[in-house]
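Scroll down for the structure; my scribbles are underneath it.
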Amino acid sequence: MTSTPTASGVSSSGHLKAIQRRTLMVLSAAQIVGGVGVAVGLALSSVVVDQLSGSTMISGFAGTATVLGAALLALPTAKASGRGGRRSGLALAYLAALLGCAISVAAISIGNWQLLLAGLVLVGGGSAGNLAARYSATDLSPKNHAARHLSLVVWAATVGSVAGPNLAEPADRIGMDAGLVEKAGPFAFAALAFALALLIVFAGLRPDPLKLAREHDGRKPTTDAGNRTVRTAWEILRTTPMARQALVMIAVSHTAMVSIMSMTPVKLHHDGAELDVIGIVISLHIAGMYVMSPVVGWLADKVGRVPVLLLGMGLLLASAVLAGTSGHRVWQVTVALFVLGLGWSCGLVAGSALVSESVAIEGRPAVQGLSDLLMNVCGATGTVLAGVIVGGLSYGVLGLGVGVMVALAAVWLASTARQSGAIRRPRDS
C-alpha cells in the first residue's frame, strides 16, 4: 500500500497497519464469541429435531436450515456492507442469529419441530457473519498477506467453536434450573453469545475497514454500492476465471464438509453414543477446521492458492473414505471428522484469498456475498441429500457420494489450473 493521504486523515502505511491490527483484533474477538453461538446450536440441532419429529430423515433438515439461513443472509450481509461498510453487514448477520435463537427456544419449549427449523434458518446468520468476517480481514491487508490475515480471523473461531459443543450439556442443565425445558438452554446461551458478538462489531470496528480501503484506493462511497449485488457479481465473474475457480472450490469444500458433518451426530446417536461423546467428536472436527488455518494461510501465500486448494481436495477425499468405511468405530469417525475439517480449511482459506485478490475493491462485497450464497446453497442441498441417503441407505453410501464429488472437482481444478499456469505460481494478494 502507498502512503497517499485519505479523506479520513490516514496518511501513512504505518497508520494503516495499526488500524489493520486493531481490525484483526476486533474481528477475532467477534469470531470467538460468535463461534460459541454457532457451535452450541450445531452440536444439538439435528438431535433435537430427530427427537421432536421422530424421523432421522427430517433430522437432516436441521443442518439444512442453518446452512440455508447462512445462504439467504449472505446477500443481505453483502448489500449492507456495500452500502454502510463491514460493520453494518456483520451487525445485520449477528442480529438475525440472535432472533433465530430466541425462536428456537420458543419452538423447543412447545415441542414444535417446524418452528425450530424456522428459527434455525435465522441462526444461520451467525455462520453468515463469521464467514463475512474473514473477508473483512483482507480489506486493508498488505500485498502477499491476504491469506494469512484471513486465516488469523478464521483461526480465532477455534476457541469458541471447539468449546461450544462441550458447553451444550452444562448450558442445558443451567437452562433447566432456570425453568427452561430440556435442550432449550443451549440455544438461550447461544443467543447471549450472538448478542455479545453484535456489540463487539458495532462498537469496535471503527474505522470501518472497507470504507477506509475504498478511500485509500481513491474510491468515493456510493449510495447504491450494494443495490445490485447479484448482477454486479455475475458481471465480474464472467471476465474473471480465477474468481470462478475459487467459487467452485469453496462450494465443493463446504458441501463435502456439511454433508458428512451434519449427519455424524445422528449416526453416533443411533450407534448409542452419549451426548458428551458426540460433543467431543464435533469439537475435534471444528478444531480441524480452525486450528491449522494460520499454517494454511501461510502456505497459500507462499506456494500459491491452487496447490493448497488441491491439498484440501485430497484431505476431503481421505475423510470421505474414512467416514464411509467407519462402521461402528467411533475412533475412525473422529479421525474422519478431523481430517474433514482440515480439508475444509484449505478450501475456505485459499479459495477466499483467491476470490479477494482477483476482484477490485469496489466489486469485492458483491462477489464475496455471492460466494457465500453459493457455498451455503450447495451445502444446504448437500445436507438434504445426506439426510435422504443416510435415512434410506447408509452413512457409508454418503461417504462414497462425497468422495466421488470431491475427486471430480479436484480433476477439474488441476486441469484448468495447469492450462492457465496458476498451479505453478502463487498470486499476489
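Treat the numbers as computed from the prediction; the structure is a model and nothing was measured.
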Side chain to side chain contact (heavy atoms under 4.5 Å, CB included), that's the test. Do S253 and L348 meet it? Break it down for me.
CA-CA 7 Å; S253 299; L348 184 78; over 6 Å; no
Check whether S394 reaches the backbone of V390 with its side chain - one donor and one acceptor, N or O, closer than 3.5 Å.
no
Of all the heavy-atom pairs spanning S104 and F187, show the shortest one and how long it is.
CB-CD2, 3.8 Å
Going from CD on E169 to NZ on K183, what distance comes out if it is rounded to the nearest 0.5 angstrom?
9.0 Å
Steps toward side chain to side chain contact (heavy atoms under 4.5 Å, CB included) verdict (R86, Y135)
CA-CA 9 Å; R86 298 293 188 184; Y135 285 127; 4.2 Å; yes
Check this for me: W412, atom CH2, are more than 12 non-hydrogen atoms of other residues, nucleotides or ligands nearer than 6.0 Å?
yes
Is there side-chain contact between L90 and F202, with heavy atoms separated by less than 4.5 Å?
no
For D372 and R134, run side chain to side chain contact (heavy atoms under 4.5 Å, CB included): C-alpha distance rounded to whole Å, both residues' side-chain angles, the deciding distance at 0.1 Å, then the answer.
CA-CA 11 Å; D372 285 349; R134 79 192 192 277; 3.0 Å; yes
Kindly indicate whether the side chain of K79, heavy atoms from C-beta on, has any atom under 4.5 Å from the side chain of P76.
no
Would the distance check show the side chain of D139 and the main-chain N or O of A213 forming a donor-acceptor pair, the cut-off being under 3.5 Å?
no
I'd like to know if the side chain of S319 and the backbone of L315 have a donor-acceptor N/O pair within less than 3.5 Å.
no
With rounding to the nearest 0.5 Å, note down the distance linking CG in L309 to CD1 in I250.
8.0 Å
If you take all heavy atoms of A80 and L92, which pair is closest and at what distance?
CB-CD2, 4.3 Å
Side chain Q31, main chain A156, donor-acceptor under 3.5 Å
no
Check A91 against V201 and note the closest heavy-atom contact, atom names and distance.
N-CG1, 4.3 Å
For the student: nearest non-hydrogen atoms of L73 and L122, plus distance
CD1-O, 4.1 Å
Going from CG on L413 to CE on M313, what distance comes out if it is rounded to the nearest 0.5 angstrom?
7.5 Å
Go through L284 and L337 one step at a time and tell me if the side chain to side chain contact (heavy atoms under 4.5 Å, CB included) criterion holds.
CA-CA 7 Å; L284 290 174; L337 267 287; over 6 Å; no
Value for CZ (R148) from CG (L299), rounded to nearest 0.5 Å, stands at 10.0 Å
Any side-chain heavy atom of L370 sitting closer than 4.5 Å to one from L237?
yes
Report yes if some heavy atom in the side chain of H149 is under 4.5 Å from a heavy atom in the side chain of T138; otherwise report no.
no
Measure from the side-chain N and O atoms of S345 to the backbone N and O of G341, and report whether any donor-acceptor pair falls under 3.5 Å.
no
Could you tell me the separation between the OG atom of S151 and the NE2 atom of H145, rounded to the nearest 0.5 Å?
11.0 Å
Is there a side-chain contact between V388 and L393, using heavy atoms and a 4.5 Å cut-off?
no
Within the distance-only criterion (no hydrogens, no angle test), does the side chain of S415 pair as donor or acceptor with the backbone N or O of V411 below 3.5 angstrom?
no
Closest non-hydrogen atom pair, L373 against A71
CD1-O, 3.2 Å
Should H285 and W344 count as side-chain neighbours, where that means a heavy-atom distance under 4.5 Å?
no
Side-chain touch L150/V349, heavy atoms, less than 4.5 angstrom:
yes
Rounded to the nearest 0.5 Å, what separates atom CE in M263 from atom OG in S46?
7.0 Å
Where do G304 and V308 come nearest, in terms of heavy atoms and distance?
O-CG2, 3.5 Å
Hey, does Q20 have a side-chain heavy atom less than 4.5 Å from the side chain of S141?
yes
